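Every value quoted in this text rests on a predicted model; they were computed, and no experiment measured them.
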Amino acid sequence: MEKGRYGIHGGQYISETLMNEIIRLEECYEFYKKDPEFNRELETLLRDYAGRPSLLYYAEKMTKDLGGAKIYLKREDLNHTGSHKINNCLGQVLMAKKMGKTRVIAETGAGQHGVATATAAALLGMECEIFMGKEDTDRQALNVYRMELLGAKVHPVTTGTQTLKDAVNETMREWTGRVADTHYVLGSVMGPHPFPMIVRDFQSVISREARAQILEREGALPAAVVACVGGGSNAMGTFYHFIQDPDVELIGCEAAGKGVDTPLHAATIARGRLGVFHGMKSYFCQDEHGQIAPVYSISAGLDYPGIGPEHAYLHDTGRAKYVPVTDDEAVDAFEYLARTEGIICAIESAHAVAHVRKIAGNYRKDQSIIICLSGRGDKDVAAIARYRGIQITE
Amino acid sequence: MQKLNNRIAQAFAGKKAFIAFLTAGDPDMESTIRYIKIMAGAGADLIEIGIPFSDPTAEGVVIQEANLRALKGGMDTDKAFEIVRRVRQENVTIPLVFMTYVNPVFFYGYDRFFARCEEVGVDGIILADMPFEESREAAMPAAAHNVSLISMIAPTSEDRIKTIASQAEGFIYIVSSLGVTGVRREITTDIGAMVRSLREVTDTPCAVGFGISTPKQAGDMAACSDGAIVGSAIVRIIARLGDKADGELEAYVRSMKEAVEQA
């Protein structure tokens, strides 16, 4: 495959102003990836600061209730900052610092990546500015304040649909204007090469651990691994070390919002078409003139009109399967996991739980399924209450 | 690279070029057609017509808003072609170049898009998110239809300048400053050094854009290159006056053209 390409997907579709920076970033990454000192520092941070390895928890009650495969939860929600995002942020911010950068910027949807970036920046002594759609700063006000507590400056983005894609637009504009001292900590396996590769590598710790953990527990590989997909970073991390195991099904769960037959969804594989946007060739939700379509999901973290290029490739080759999950199904699964296992997971992760509720019964009891629980659900409690018609005042 | 047979060279033939930009369909299609004729009549040597895109990541606020106004008004790729067909019919003979992002063109289909360019009389295209490394997929179908894929070089291009310039077609767009499009008080990049560097490998003309709004800036930029490109300052006039910008646009383009001519 061509460098930076995943089949026909990927590439570097960005302004000339950023090209030398992107080339330098790739060179630096290739160096640090093999640098024992960098890897030692990152491993120490992941273990002592982020709390890795994350647990692989056998969800016995859920397993019994669903009556099929054994269900295991990869507990990324237990990481410091409450999601898988910290894996990538510690890696990128540490690398940025070694590259001589003094400032990091990032986009955020639900605020999890923003919080993780602000956290890594605070720890490593970097200036930090976060761009977040105005609609998201309203629905995730707590995370905005959390970022500010961590010393970051949060810019509400008022252009376009005022959600995640507009936050990416604005962060790219900011980077184009100030590139010498600034690194853009892209939060998902998207954007121009080398970002999809860098973010995948830093997130692949999820499947490296999970593969070893399940082999130890079950003495066999899982029948399926399941994760939610927006841009696709937790899914890519969860899939990566299983790609070479042909008997392990890889399943990504997209946000179907009110349903893929309505205009209110963010199901890129189900409804998107091939395009070029945010630096990459991949599938995007777009209209009949190639304008990027407004998307919708109850989950701010999955509310993105595209999908990372490596996912697009795994879809093309049939190695991974992508399924739509509606708001209703995700909210039901959110409540189900809370009641059944005593775990309040992120509404994003609840999309994966919802799909496993549908399929667990199709597997034998000696088989297993791993769900990536990408984040914890504290941030979503108020929104779920609203969804159920309950008003909460804090 | 073979020389393409289109109108772009006319803009630079024995003169410094004043290049004007406007967004197709802002505020409406009929106004865009009229404004192109007015600007051509007032001395613009080349006009860039922006095909609006939902997410113009290289644009500052002024042109972002023009994109949204145009899309809201129903502008699309076929209507942009219709604008060019109409102005060609009304005897606008200066070179016309589209400026947009990869996706609307990719989605239309490169070959179909450039065939249509040739048919209606579009001479070139600037794709803000297509760097040299990715340009093959568009450059070949564009050349097959005599459409120049315009290369950009930026203050950060450094060692890339010669590689890009040696393959350049039509003219070279020199991005004056870091950041997005928009009016700037001053331009601090050493444009002269960039021009000297590309002159070592090509005689393709080059023009400077991003941040230029006053006749003084246009004159200064044209003095060290082959022309000046103005976008946001024109779009700002249209944003303020809507479909009644005729007089002000004409006077503005005249004053800018004069400054460029004296450079």
Side-chain angles (χ1 to χ4, degrees), chain A residues 2-5 8 10-24 157-161 163-180 182 191-193 273-282 284-294 305-306, chain B residues 51-61 64-65 67-68 71 74-80 100-109 113 127-138 151-161 163-164 172-175 177-182 210:
Chain A
E2 228 177 299
K3 191 181 69 140
R5 290 276 175 180
I8 59 170
Q12 299 179 304
Y13 299 87
I14 49 163
S15 67
E16 170 59 22
T17 304
L18 290 174
M19 276 308 291
N20 260 331
E21 179 63 18
I22 285 283
I23 291 166
R24 175 162 175 256
V157 175
T158 55
T159 53
T161 55
T163 59
L164 181 52
K165 89 172 160 74
D166 309 283
V168 174
N169 292 347
E170 214 47 47
T171 319
M172 280 190 173
R173 289 181 186 122
E174 173 67 24
W175 203 27
T176 311
R178 186 171 162 187
V179 69
T182 300
H193 174 72
R273 284 180 280 184
L274 189 63
V276 176
F277 183 50
H278 280 163
M280 58 184 170
K281 189 174 281 179
S282 187
F284 298 95
C285 295
Q286 47 189 319
D287 73 8
E288 68 274 28
H289 304 291
Q291 304 293 341
I292 302 305
Chain B
I51 301 177
F53 182 50
S54 52
D55 296 85
T57 51
E59 313 297 349
V61 176
Q64 281 177 44
E65 287 175 353
N67 277 264
L68 294 181
L71 289 173
M75 182 46 49
D76 61 35
T77 313
D78 279 319
K79 288 176 187 158
T100 187
Y101 291 77
V102 175
N103 202 52
V105 179
F106 177 80
F107 195 83
Y108 201 89
F113 184 93
L127 295 170
D129 54 350
M130 181 170 269
F132 177 73
E133 281 77 353
E134 302 293 354
S135 61
R136 254 177 78 95
E137 64 187 57
S151 304
M152 300 178 107
I153 61 172
T156 51
S157 295
E158 298 166 0
D159 51 319
R160 296 168 53 80
I161 292 179
T163 317
I164 296 168
I172 295 166
Y173 192 128
I174 299 179
V175 176
S177 314
L178 295 181
V180 293
T181 58
F210 276 44

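Of the atoms belonging to A:Ile23, it is side-chain heavy atoms, and not backbone ones, that fall under 4.5 Å from chain B. Heavy atoms of B:Pro56 lying under 4.5 Å from chain A belong to its backbone as well as its side chain. For a residue to count as touching a neighbouring chain, one of its non-hydrogen atoms must lie under 4.5 Å from one of that chain's; by this rule B:Leu127 does not touch chain A. Both the backbone and the side chain of B:Glu158 come within less than 4.5 Å of a heavy atom in chain A. In this structure, chain B has a heavy atom under 4.5 Å from the side chain of A:Asp166, while its backbone stays farther away. Of the two parts of B:Phe106, only the side chain, counted from C-beta on, holds a non-hydrogen atom closer than 4.5 Å to a non-hydrogen atom of chain A. In this structure, chain B has heavy atoms under 4.5 Å from both the backbone and the side chain of A:Thr17.
Salt-bridge formation is not detected for the pair B:Glu134/A:Lys281: no Lys NZ or Arg NE/NH1/NH2 atom is positioned less than 4.0 Å from an Asp or Glu carboxylate oxygen.
The choice from A:Arg178, A:Glu170, A:Met19 that makes the most heavy-atom pairs within less than 4.5 Å of chain B is A:Met19. Annotation: maximal heavy-atom pairing with chain B below 4.5 Å, among A:Ser15, A:Ala293, A:Gly177, occurs at A:Gly177. With respect to chain A, the highest number of heavy-atom pairs below 4.5 Å among B:Glu65, B:Met130, B:Gln64 belongs to B:Gln64.
With values rounded to the nearest 0.5 angstrom, A:Met280 atom CE is found 12.0 Å from B:Asp129 atom CG. The NE2 atom of A:His289 sits 7.0 Å away from the NZ atom of B:Lys79 when rounded to the nearest 0.5 Å.
Every residue meeting the side chain to side chain donor-acceptor pair (under 3.5 Å) condition with A:Gln286, not counting sequence neighbours, appears here in chain and number order: B:Asn103. For A:Tyr13, the ring pair (Phe, Tyr, Trp, His ring centres under 6.0 Å) test picks out no residue, with sequence neighbours left out.
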Item checked: Worked verdict on A:Lys3 versus B:Glu133 for salt bridge (charged side-chain N to carboxylate O under 4.0 Å, His left out) -> CA-CA 11 Å; A:Lys3 191 181 69 140; B:Glu133 281 77 353; over 6 Å; no
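Within the 4.5 Å cutoff, the side chain of A:Val276 has no heavy atoms near those of the B:Tyr101 side chain. A 4.5 Å side-chain heavy-atom check between A:Glu16 and B:Ser157 finds at least one atom pair inside the cut-off. Residues A:Glu21 and B:Thr156 are not in side-chain contact: their nearest non-hydrogen atoms beyond the backbone lie 4.5 Å or more apart. Considering only heavy atoms from C-beta on, B:Asp159 comes within 4.5 Å of A:Asn20 through its side chain.
Remark: side-chain polar atoms of B:Ser54 are paired, donor with acceptor, to backbone N or O of A:Ile292 under 3.5 angstrom.
For the pair A:Phe277 and B:Asp55, the tightest heavy-atom approach, listed with the atom from each and the gap, is CE1-CB, 3.3 Å. For A:Ile14 against B:Pro131, the heavy-atom pair with the smallest separation is O-CD, 3.2 Å.
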